[in-house]
A.B. asks: 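Questions regarding the structure given below will be posed in turn.
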Amino acid sequence: MKRHLVSAADLSRDDALLILDTAEELAQLSGRAVKKLPTLRGRTVVNLFFEDSTRTKTSFEVAEKRLSADVINFAAKGSSVSKGESLKDTALTLQAMGADAVVIRHHASGAPARLAQSDWLHGSVINAGDGTHEHPTQALLDAFTLRRHLNPGLGNDLSGRRVTIVGDVLHSRVARSNVLLLNTLGAEVTFVAPPTLLPIGIDNWPCDVSYDLDAALAKTDALMMLRVQRERMNAAFFPTEREYSRRYGMHGGRLAKLPEHAIVMHPGPMVRGMEITAEVADSPRCTAVEQVANGVSIRMAVLYLLLGGATLADAPGTNQSEAAK
Amino acid sequence: MSSYLIRNASILGGPAQDILVAEGTFQQIGTGLTAEADVEIDATGLVALPGLVDLHTHLREPGREDAETVLTGTQAAAKGGYTAVHAMANTFPVADTAGVVEQVWRLGKESGYCDVQPVGAVTVGLEGKKLAELGAMHDSAAGVRVFSDDGKCVDDAVIMRRALEYVKAFDGVVAQHAQEPRLTEGAQMNEGQVSGELGLGGWPAVAEEAIIARDVLLAAHVGSRLHVCHVSTAGSVEIIRWAKAKGWDVTAEVTPHHLLLTDELVRSYDPVYKVNPPLRTAEDVQALRDALADGTIDAVATDHAPHPAEDKDCEWAVAAMGMVGLETALSVVQQAMVDTGLLNWEGVADRMSHRPARIGRLAGHGRPVSVGEPANLVLFDPAYRGTVNPESFATRSRNTPYRGLDLPGRVHATFLRGTATVLAGELVEPGEPA
């Protein structure tokens, strides 16, 4: 596995399965009274969030603490754009403080890639969402959730499972990471969106594209709803919120048209009444809350494998794969 | 003023000849010249071209002397084989008055490395709303004939029409930065396969082509001269080809980087590749090369755009747009056009000296290398092979996309009206005895 996790494309099929399997093992911890492992004791993990994200940040923080890492939350909101400290100087500062890993959320696409490629810092860089580019740990937790429902078992992939991703693909980092990872794991991806919310060049992506949600429902094992920001309406991506909901929103009538085994996923935060009705969001087939719980396990697994591996290999008497299994 | 006897130079790639340079002009040209000269230069294997003329240079002074000054910019120009550059108007303050263009013109005179022809802004403050005093800039000591809001598009069709009409009074030309602003809000790179994957805001080709199409029609309607800056798409080439076929007075330039680089490089997210207009696709690059070869595109113009390190050492989204280019232009053109067989050295002289001088109406530049002409000359070694090292640049900035790349050729010497500005690849202080 690579030293950084910047893109879902960084993961081979074996890497991805190792993460999913490790997360499956680590998930059992959450059922115990004492949820902590000593794996990352003495290692420093920095959460560098340039953008508000209570959910992702909390998820990473819980994962880091369960692995006994020293956690630093570096509030860096808006620093570079507002001509405060540059990303470079922030990175140099973190390097000087001895960060072993930096979890970065940034509004600029490619900011984690810049960090990973630069010589500004030497620790692992984990992309917690960059602009409209990628969000690889979200894709991993989605794959984890999908596998539990559609093909449970260690070592299993998602071969032949049909995942339909609906909504604002153009601006979605979740969609970009998912299409990469789901392909790596053998799933078949269909994007459904109004043409205005699909990127130019999508014909060459490894997925099918449809403008018609109703037509896609019957051929779906899992439906992934993307958040649609109301601001998009003002930029003429679609005429009105109501029209969007009618054409691309998930409601009870559409839920009934899904195959019985199919699940409805949402990366959150949900905009109820926009892309998903309360009826669907609160139905037992919606996995939104389960995805949050799985997020902690996945992030533990990523940190464990990116950071723990080196330490454990160096320490006599310990063995990473043993610990992982 | 020293005299120079240049031995065995290949003028425009032709057979070896000797050139005697004295008193600012070419005194004798022929084989086996016996004339006396202060300095003799062995130019065996070197190609002699008329001094290059750049239609599109950002010298940054006044206002951004941390990026470039007229002195360092003209030194970079001399090292690149240029004897004249057009200094773009987007300085601080903007070159939209006679006072500012005269200041830039005077700084050029003081530098002595290269003639500096200031470009005047089309509109006050480059804001696209009110015509700047174009006549005053023309009548000033700077004698401005090229007007451009470069960096911004004159997007208002009426303002553009009026500017095109107005400058006819003094044989001026409007050089348009073609970029439809609404279609490029938040644009970060070429809109296409790569932008979709990288999640970077797209700058669609149509935003350039729509403006060019409108402008050639406007220029035809009012019978004016239009120059299109930094053409970057295959579609733009088609429109310009069509306009020229109609007989309209339209000229166009292409940058060296658009002749060589593609948007695939943006996958690194390294802002050294961030430029406006953005790097396009391989198909666009090929169309631009073909258009330069067949003359649809008249000139290579560098769009030399220096930026301090901190404006590139950052996230893509906040990085400045632009690349330095004066010192690598001829090498890039050799690689993209000469070594590919698309253009011979005569063609290079035409596209990098004759035609840009004619578009800018620079009387003393872009002249033939023949007896009696002003001795603006570059000696270029096309056999040289080396790796681009920005630390050796004369420009104050280092934002080159060619760092570490192997590019062919090297400027050996440059002469500005008979005075050496570069000898053996190194700058010579003007007036300094060689």
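Note on naming: letters A, B, ... go to the chains in the order of the sequence lines (proteins, then strands), and numbering restarts at 1 for each one. Keep in mind that this is a model prediction, so the values were computed, not measured.
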A.B. asks: Is there any residue in residues 200-217 of chain B with a non-hydrogen atom under 4.5 Å from a non-hydrogen atom of chain A, and which ones are they?
C.D. replies: Leu200(B)
A.B. asks: I need the Ser109(A) OG to Gln188(B) CD distance, nearest 0.5 Å.
C.D. replies: 8.0 Å
A.B. asks: Using every non-hydrogen atom in the two residues, find where Gly201(A) and Gln193(B) come nearest and quote the distance to one decimal.
C.D. replies: O-OE1, 2.8 Å
A.B. asks: Going from OG on Ser195(B) to CG on Leu170(A), what distance comes out if it is rounded to the nearest 0.5 angstrom?
C.D. replies: 9.0 Å
A.B. asks: Within residues 388-405 of chain B, which residues come under 4.5 Å of chain A, heavy atom to heavy atom?
C.D. replies: none
A.B. asks: Main chain of Gly196(B), side chain of Arg176(A): is a donor-acceptor contact present, judged purely on distance under 3.5 Å?
C.D. replies: yes
A.B. asks: Just wondering, are more than 12 heavy atoms of other shown residues or ligands nearer than 6.0 Å to CZ in Arg247(A)?
C.D. replies: no
A.B. asks: Check whether any side-chain heavy atom of Pro271(B) sits under 4.5 Å from a side-chain heavy atom of Arg114(A), and report yes or no.
C.D. replies: yes
A.B. asks: Please classify the contact between Glu197(B) and chain A as side chain, backbone, both or neither, with a heavy-atom cut-off of under 4.5 Å.
C.D. replies: both
A.B. asks: Side chains of Trp120(A) and Asp313(B), heavy atoms from C-beta outward: is any pair under 4.5 Å?
C.D. replies: yes
A.B. asks: To the nearest 0.5 Å, tell me how far Gln117(A) CD sits from Tyr269(B) OH.
C.D. replies: 10.0 Å
